[in-house]
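Structure first, commentary second.
Because only heavy atoms are used, hydrogens play no part in the values below, and waters and symmetry mates are left out as well, while side chains stay in. In what follows, chains are A, B, ... by sequence order, proteins preceding strands, each numbered from 1.
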Amino acid sequence: MSEPCTPPILRQNARPIPMSTERKTLDQRAQMSDIERLRHSCAHIMATAILRLWPDAQFAYGPPIENGFYYDFQMQHRITPDDFEKIEAEMKKISKENQKFEWKGISREEAKAMAESGRLGGLSERPGNPSIFKLDLIDKIPEGEQISCFQNGDFIDLCAGPHVGYSGKCKHVKLTSVSASFYMGDETKASLQRVYGTAFESKEELEAHFVRLEEAKKRDHRKLGKELKLFHIDEDVGQGLILWTPNGAILRQELQNFISEELRKQGYSQVFTPHIGKLALYKTSGHFPYYKDSQFAAIVENDDLAKVIHEGCGCGEVMARLGGISAKLRQQLNDRAGKEVVSEENVLPDDQLLDGFMLKPMNCPHHIKIFDSQPRSYRELPVRLAEFGTVYRWEQSGELNGLTRVRGFTQDDAHLFCTEDQVAAEVLGCLSLVKIVLNTLGMTDYRVRVGLRDPDSSKFTGNPEQWDKAEDACRAAAATLGVPFTEEPGEAAFYGPKIDFVIKDVIGREWQLGTVQVDYVLPVRFDLSYIGSDNKSHRPVMIHRAHLGSMERLCGVLIEHFAGHFPTWLAPEQVRILTISEKVDAFADEIFAQLKAAGLRVTLNQDADKIGAKIRNAQLDKVPYMLVLGEKEAAAGGVSVRHAKRGDLGVRSIAEFLAEVTAEVRERKM
RNA sequence: GCUGUUGUAGCUCAGUGGUAGAGCACGUCCUUGGUAAGGACGAGGUCGAGGGUUCAAAUCCCUCCAACAGCUCCA
């Protein structure tokens, strides 16, 4: 969702390169750290244990990963977590046996023979059960490279290593989960079972790892979202559709106000556009029908629907007629793009085409139409159109996750239309804005990824000079940020280079939030122009940018970042007044009115609970300020201040407290 | 979408074929207190939905829905 609206064409070319081509060299493998070596050996020990229990298992890949290891395999029995205990017990035995890990260099012929007999990746020869994955892996080893295997006990595996010396080292291991995976990560290949485990050098480290996981769970935004009543997802409304409850709405609104203020300072114009648009619009932009699978189904116009029903068309037919485009549009698009971007198969005769509406999957076509709604002069540029624009995308159900991966979300989106000479300055402006926002939110653990084109590839459109200029601009802009950045050739969108902000959250997961993308293609597809100082028509350049991805994802990441303890300016409830007894009710009412008048989000707890219970509840609700009011305070006309994280701050005058807190909110202090 | 796990009160969960449970939250009452839980009583459930097995199903079986973990994906 953080890619605001990369237009389509050539999706197949944009697919990630399959894992298999990123083969590590033997030298690279030898550089494994000690802990990776240990975990790699654990994977072999786990395979050994699984073979002892289920001798038919066929193993594929078993690498160390961050925090642990896994092994992929295929066999009759389906592993469930109930089997872990059994496997772990067997692994413990193998560790006690203190098997030596022995390296053996073998010839290609030997390797193949061992795989054919089922010996490779097995405890013994397994007639009639050749090691199919190992055979495939052997074929993938380049000619001339040393083929090697490792043996521990009876288990011989095709493996470049390295390993620990003896299995006795692998004592502190725990299996963590089981899942399905695909051979070589390829959806079309065999489905395998994958068992994950983790291992450490000492028992203490292993335990600490699980404590860390527990801590992370406590900050999970889905858990906190429920506890603090920030949002709700309802089965009857639909998966991945967020209902913002009052507390969450405050959080979101405060963020939005903050971003709006910054946008105004930077010369953006805010716009509003509807949630749907005609199919024809997305056909021009090229998003439909090429991204049909990740969009909500089109909404057919009533008249058209009546007509096709009259003709007796089935749903499939209706969808096909919606998905087609006219020969004329195809011609136009191909001409504008200067190459074949729309194939003939989607062309239908005009009288068979249906029109309809789409829930917008991105905001750019709408913004483009605003730009194009009047003639533009170079004097107006850059035109910066910003919108908190809600878009809808059909994410696969297994990919949905709380607020961070949803089907309807609001981007802090903007599109800049500028001259080619202005690109560098505008990119820089976008980045500095992101930086201001992230710094204010105290999110400093982030890195920047500059996606450049792969010069050898033909998948990128546009001329090389434009590209060089845009890439230089992006690179230079990233360098001024003072945060680590990487250049990733081949990672550009096909229509222009991009800069992504990747935030690391408390659990160490990385989230792509902001993105800035230079685009030379959509201006062509929509035939945009402006009048230059030479009184001739010129093509503007577009910059797509979303600082924070989406309000949903941002809030999700922020909830975990703050563990629910928001800074006062973001806190749904900023102050809670706690009375000690009914005797001070009138005084409390008065203080409450004063704070409210000052614009603070304040509540009053006059329940019959004891003060200890009231404090406890306020702490659990993570309210930053508690004002304890009793007869002492009423007599002195002051308030006892308690801060959720700093504890009892003593008595102050109401004026003093008000001045402090309102300043804290105004300045958006952390 | 794929594999696995889970679904019982608003929340967290117990309940292995025989009359639906606990704690918290909620309501009423008593208590009027000094920095993380005062007490009593009460209300609250078609056990995710639908089908099946059984004299009998929250419990066993099937299908669907949803959540979670991982995989794949993310314009």
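- Backbone-only contact: A/Gln239 has heavy atoms under 4.0 Å from sugar-phosphate atoms and none from a base.
- Proximity note for A/Lys226 (side chain, C-beta onward) versus B/U72, B/U12, B/C74: the nearest is B/U12.
- Side-chain atoms of A/Ile615 lie closest to B/A36 of the nucleotides B/G70, B/A36, B/G34.
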Quiz prompt | Step-by-step side-chain hydrogen bond (donor to acceptor under 3.5 Å, both in side chains) determination, A/Thr568 to A/Gln574 | solution = CA-CA 6 Å; A/Thr568 309; A/Gln574 296 169 319; over 6 Å; no
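- The phosphate of B/A69 has OP1 or OP2 within less than 4.0 Å of a side-chain N or O from A/Arg222.
- A donor-acceptor contact under 3.5 Å is not formed by the side chain of A/Arg393 with the base of B/C74.
- Checked against A/Glu560 for a side chain to side chain donor-acceptor pair (under 3.5 Å), the options A/His221, A/Lys218, A/Arg222 give a single hit: A/His221.
- An OP1 or OP2 oxygen of B/C74 is reached within less than 4.0 angstrom by no side-chain nitrogen or oxygen of A/Ser294.
- For A/Lys583, counting side-chain heavy atoms from C-beta on, the closest listed nucleotide (B/U32, B/A36, B/C73) is B/U32.
- Across all strands, A/Gly630 comes closer than 4.0 Å to base atoms (heavy-atom distances).
- What separates CZ of A/Arg576 from P of B/A36 is a distance of 15 Å, to the nearest Å.
- A salt bridge is defined here as a Lys NZ or Arg NE, NH1 or NH2 lying under 4.0 Å from an Asp or Glu carboxylate O, and A/Arg642 with A/Asp648 fails to meet this definition.
- With B/A36, B/C73, B/C71 as the candidates, the nucleotide lying closest to the side chain of A/Gln619 is B/A36.
- Side-chain atoms of A/Asn401 lie closest to B/A69 of the nucleotides B/C74, B/A36, B/A69.
- Residue contacts shown for A/Gln606 are absent, as no nucleic acid heavy atom lies under 4.0 Å away.
- Of the candidates B/G34, B/U32, B/A36, the closest approach to any side-chain atom of A/Lys632 belongs to B/G34.
- Residues A/Glu633 and A/Tyr392 both approach RNA chain B. Their nearest nucleotides, taken by heavy-atom distance, put A/Glu633 toward the 5′ side.
- Residue A/Ser640 is classed as a base contact, given a heavy-atom separation below 4.0 Å to a base.
- Among the heavy atoms of the strands lying under 4.0 Å from A/Ala608 is at least one base atom, whether or not backbone atoms are also near.
- No hydrogens or angles were tested; on distance alone, nothing pairs the side chain of A/Arg407 with the base of B/C74 as donor and acceptor under 3.5 Å.
- Distance from the side chain of A/Glu235 is smallest for B/C65 among the nucleotides B/C65, B/A69, B/C11.
- Using a 30° and 60° split on the angle between ring planes, A/Phe73 and A/Phe59 fall in the tilted class, from 30° to 60°.
- Between A/Tyr70 and A/Tyr196, the ring planes lie tilted relative to each other; the angle falls in the 30° to 60° range.
- The side chain of A/Asp648 approaches B/U35 more closely than any other nucleotide in the set B/C73, B/U35, B/U32.
- For A/Tyr196, the listed nucleotide lying nearest its side chain is B/C71; candidates were B/C71, B/G1, B/C74.
- Place A/Leu620 and A/Ser581 on RNA chain B by their nearest nucleotides, and A/Ser581 ends up nearer the 5' end.
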